[in-house]
> 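Have a look at the structure that comes next, please.
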Amino acid sequence: MNICKHSRRQGTVFIAFGILMALGALQPYEASAQAAPGPTAAPNRYAATIAPLERFEIDGVLVERHGSANGRPLILVPGLASGSWAWQDTIRAFSGSNPVYVLTLPGFDGRPAAPQAGVAAARAALARLIAQRKLAKPVIVGHSLGGTLGVVSIDGLPVMPGTETMAPAQRASLAEGMRSRVAAAPAAFAAQQQTYMRTIGVLDMGKADELAKLSARSDPAAVGRYAADVLSLDLRPGLKDIQAPVLVISPWHDLDAAQQGVTENAKTDYYRSLLEGAPRVEVVSVAPARHFAMLDQPQKVNEAIRAFLSSL
């Protein structure tokens, strides 16, 4: 079954954040930023701990199934360099009433990378999951890159924030530069992840350092390849064809915004403008939160998703 056939009736929750800004935090590695090796680390308190009912693969994409056999299916897709650890609170909130499928892309969270891995391959695997499991009216809940895949899977995507005025050649050049910058040696990549989590990822610095250890388990080359794919996309012309409702959750942190000179209303209006043409779009601001809003404000994010589900 073609995923396009689902696009006319499936709901999509697109947890959209300042993706370009987040990618911009991945600066070239500097030796001074590397932490000295220490003793054997204690278990990471933010690692995935909820045992799935089933684990299987579709074209190298790991799928973990949780929850009830009833209710509208939820498909949770983590973002760049992330795994199911990003969705633990969401799994707990919805697995009692919904079947929940969590995807981990090749090369992320310690998974082996795949030579052809990229946005197109991930989109195909997502379509195959829906078809093979005969998921009726699934709701795709994606974070960052995962949200991009969710929108792509129903034939529409707003351009990457910050690149909407770029010519295709300029966007391609930016994408290649991002691919090279992210595809660093493991130690450099780990330092990039710590910087990213501390400045863009989450509000709490202790949590940021622990999450960086989890995201650093991803393959740098795979992360760079996905980042480049997303930066090169501009599918705004297809937004008019989206008939499924779309929810955009926009994180807001006043201290960060003060440095950027952006108000909360201006940010939500900006995200709404990137989806102009899609018939049914709602933008909800969640504060205080950074890029991983479902980790900074799990209750507020889950409440927004629950309200969206009740409206379908």
Side-chain angles (χ1 to χ4, degrees), residues 3 14-15 19 22-23 26 44 46-48 50 52 54-66 74-88 90-91 100-133 135 138 140-154 157 160 175-176 178-186 188-190 192-193 196-197 201 211-233 291-292:
I3 186 66
F14 176 27
I15 299 186
I19 304 172
L23 293 175
L26 301 178
N44 193 305
Y46 299 106
I50 305 174
E54 182 183 9
R55 289 165 60 96
F56 57 95
E57 289 190 16
I58 296 182
D59 296 339
V61 175
L62 174 65
V63 183
E64 298 173 293
R65 180 176 66 85
H66 301 261
L74 303 184
I75 303 175
L76 310 182
V77 189
L80 283 171
S82 297
S84 60
W85 49 263
W87 293 115
Q88 296 294 287
T90 310
I91 294 170
V100 179
Y101 295 82
V102 186
L103 276 55
T104 300
L105 302 183
F108 289 2
D109 198 33
R111 297 285 301 163
Q116 302 302 319
V119 168
R123 178 180 58 188
L126 179 57
R128 196 164 290 114
L129 169 66
I130 294 171
Q132 289 182 0
R133 291 296 171 118
L135 302 182
I140 303 171
V141 185
H143 171 242
S144 191
L145 166 68
T148 300
L149 294 177
V151 173
V152 169
S153 74
I154 56 172
L157 179 72
M160 176 68 68
E176 185 55 39
M178 180 58 64
R179 183 198 304 269
S180 300
R181 188 178 350 170
V182 176
F189 182 71
Q192 290 176 347
Q193 292 303 302
Y196 158 69
M197 285 295 183
L211 293 175
K213 295 174 185 176
L214 297 177
S215 62
R217 300 190 301 199
S218 296
D219 179 76
V223 175
R225 185 160 56 246
Y226 280 106
D229 277 1
V230 173
L231 281 171
S232 65
L233 290 173
H291 190 60
F292 283 82

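Because only heavy atoms are used, hydrogens play no part in the values below, and waters and symmetry mates are left out as well, while side chains stay in.
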> For a 4.5 angstrom cut-off between non-hydrogen side-chain atoms, does I75 reach I130?
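Heavy-atom side-chain distance check passes, below 4.5 Å.
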> Does either side chain, that of S82 or that of H143, offer a donor lying less than 3.5 Å from an acceptor on the other one?
no
> I want to check something: taking the side chain as every heavy atom from C-beta on, are R65 and V100 in contact at a cut-off of under 4.5 Å?
no
> Which atom names give the shortest non-hydrogen contact between S144 and G79, and what distance separates them?
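Smallest heavy-atom distance, with atoms named: CB-CA, 4.3 Å.
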> Would you say F56 and L62 make side-chain contact, with heavy atoms under 4.5 Å?
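No - every pair of side-chain heavy atoms lies 4.5 Å or more apart.
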> Closest heavy-atom contact between D219 and A222?
OD2-N, 2.9 Å
> About how many Å separate OG of S215 and OH of Y46, when rounded to the nearest 0.5 Å?
14.0 Å
> From L74 CG over to T90 OG1, what is the distance, rounded to the nearest 0.5 angstrom?
9.0 Å
> Do M197 and H291 come close enough that some side-chain heavy atom pair is under 4.5 Å?
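They are not in side-chain contact.
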> Could you measure the distance from the CG atom of L103 to the CG atom of L129? Nearest 0.5 Å is fine.
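Rounded to the nearest 0.5 Å, the CG-CG separation comes out at 6.0 Å.
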> How long is the gap from OG on S84 to NE2 on H66, to the nearest 0.5 Å?
6.0 Å
> Are R111 and L105 side-chain neighbours, meaning at least one heavy-atom pair lies under 4.5 Å?
no
> Which value, rounded to the nearest 0.5 Å, describes the distance between E54 atom CD and R133 atom CZ?
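The CD atom of E54 sits 4.0 Å away from the CZ atom of R133.
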> Any heavy-atom pair between the side chains of P106 and Y226 that's under 4.5 Å?
yes
> Going by heavy atoms in the side chains, are V141 and V77 under 4.5 Å from each other?
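V141 does not reach V77 side chain to side chain.
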> What do the steps show when you test L76 against I91 for side chain to side chain contact (heavy atoms under 4.5 Å, CB included), and what is the final call?
CA-CA 9 Å; L76 310 182; I91 294 170; 4.0 Å; yes
> Between V119 and V230, is there a side-chain heavy-atom distance shorter than 4.5 Å?
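Answer yes - side chains close enough.
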> Can you sort out the partners of D109 under salt bridge (charged side-chain N to carboxylate O under 4.0 Å, His left out), two or more places apart, ordered by chain and number?
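Per chain and number, D109 pairs via salt bridge (charged side-chain N to carboxylate O under 4.0 Å, His left out) with R217.
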> Can you name the nearest heavy-atom pair linking R225 to A113, along with the distance?
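Looks like NH2-CB, 4.5 Å.
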> In Å and rounded to the nearest 0.5 Å, what is the CG to CZ distance from L145 to F108?
5.5 Å
